[in-house]
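Any value given below was found using the heavy atoms of this structure, including those in side chains, with hydrogens, waters and symmetry copies removed. What you are looking at is a predicted structure, and each value in this text was computed from that prediction instead of being measured.
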Amino acid sequence: MPLYPRIRNLREDKDLSQTQMGQILSCSQRVYSNYERGDIDIPTTTLIKIADFHNVSVDYLLGRTSKPAINK
């Protein structure tokens, strides 16, 4: 699964709005919406924040693995 639907699904699984995710990531709802649609690239630091918030690996978000677990 590509990155963009994956971050949307993770957000929806926690019953969060785009506005709430924007607040968590210190960006506007519009910017976060653009991330979910793939209209703009997600900066690496923001991608890490998303992964940390959802307790998944960046590789999972990027679709490089189907296992959300973080390797430590």
Side-chain angles (χ1 to χ4, degrees):
M1 175 184 296
L3 166 68
Y4 309 110
R6 192 160 272 180
I7 65 170
R8 182 187 65 240
N9 291 341
L10 287 167
R11 175 183 60 79
E12 289 175 347
D13 287 347
K14 290 190 176 183
D15 293 323
L16 295 170
S17 68
Q18 289 181 342
T19 300
Q20 290 169 313
M21 278 305 298
Q23 291 170 342
I24 290 163
L25 300 172
S26 300
C27 66
S28 69
Q29 177 274 330
R30 181 177 293 236
V31 168
Y32 185 79
S33 175
N34 287 333
Y35 291 158
E36 281 193 1
R37 288 195 320 265
D39 290 344
I40 58 175
D41 288 333
I42 302 173
T44 303
T45 55
T46 302
L47 193 61
I48 292 168
K49 285 182 187 179
I50 293 169
D52 288 348
F53 178 78
H54 292 294
N55 199 33
V56 298
S57 69
V58 172
D59 280 346
Y60 175 75
L61 291 179
L62 295 173
R64 296 185 64 198
T65 182
S66 59
K67 299 177 184 178
I70 299 171
N71 293 328
K72 291 188 177 183

More than 12 heavy atoms of other groups within 6.0 Å of Asp52 CG: yes

Pairwise distance CD1(Ile40) to OG(Ser33) - rounded to 0.5 angstrom: 9.0 Å

For Ser57 and Ala51, which heavy atoms make the closest approach, and how far apart are they? C-CB, 4.1 Å

Minimum-distance pair of heavy atoms, taken over all atoms of Gln29 and Thr19: CG-OG1, 3.4 Å

Should Phe53 and Leu16 count as side-chain neighbours, where that means a heavy-atom distance under 4.5 Å? yes

Going from NZ on Lys49 to SG on Cys27, what distance comes out if it is rounded to the nearest 0.5 angstrom? 8.5 Å

Are side-chain heavy atoms of Gln18 and Arg30 found at a separation under 4.5 Å? no

Nearest heavy-atom pair of Tyr32 and Ile7: which atoms, and what distance? OH-O, 3.7 Å

Minimum-distance pair of heavy atoms, taken over all atoms of Asp15 and Gln20: O-OE1, 4.0 Å

Are the side chains of Leu47 and Leu62 in contact, using a 4.5 Å heavy-atom criterion? yes

In Å, rounded to the nearest 0.5 Å, how long is the span from CD1 of Ile48 to CD1 of Ile42? 12.0 Å

May I have the step-by-step check of side chain to side chain contact (heavy atoms under 4.5 Å, CB included) for Lys67 and Tyr60, ending in yes or no? CA-CA 6 Å; Lys67 299 177 184 178; Tyr60 175 75; 5.9 Å; no

How long is the span from the CD1 atom in Ile50 to the CZ atom in Arg11, to the nearest 0.5 Å? 11.0 Å

Quiz item: cation-pi between Arg37 and Tyr4, 6.0 Å / 45°: no

If you round to the nearest 0.5 Å, how far is CG of Leu10 from CG of Asn55? 10.5 Å

Non-hydrogen side-chain atoms of Met21 and Leu25 separated by less than 4.5 Å: yes

Could you tell me which non-hydrogen atom of Tyr35 sits nearest to which non-hydrogen atom of Pro43, and how far apart they are? OH-CD, 3.5 Å

Donor-acceptor contact present, side-chain Arg8 to main-chain Glu36, <3.5 Å: no

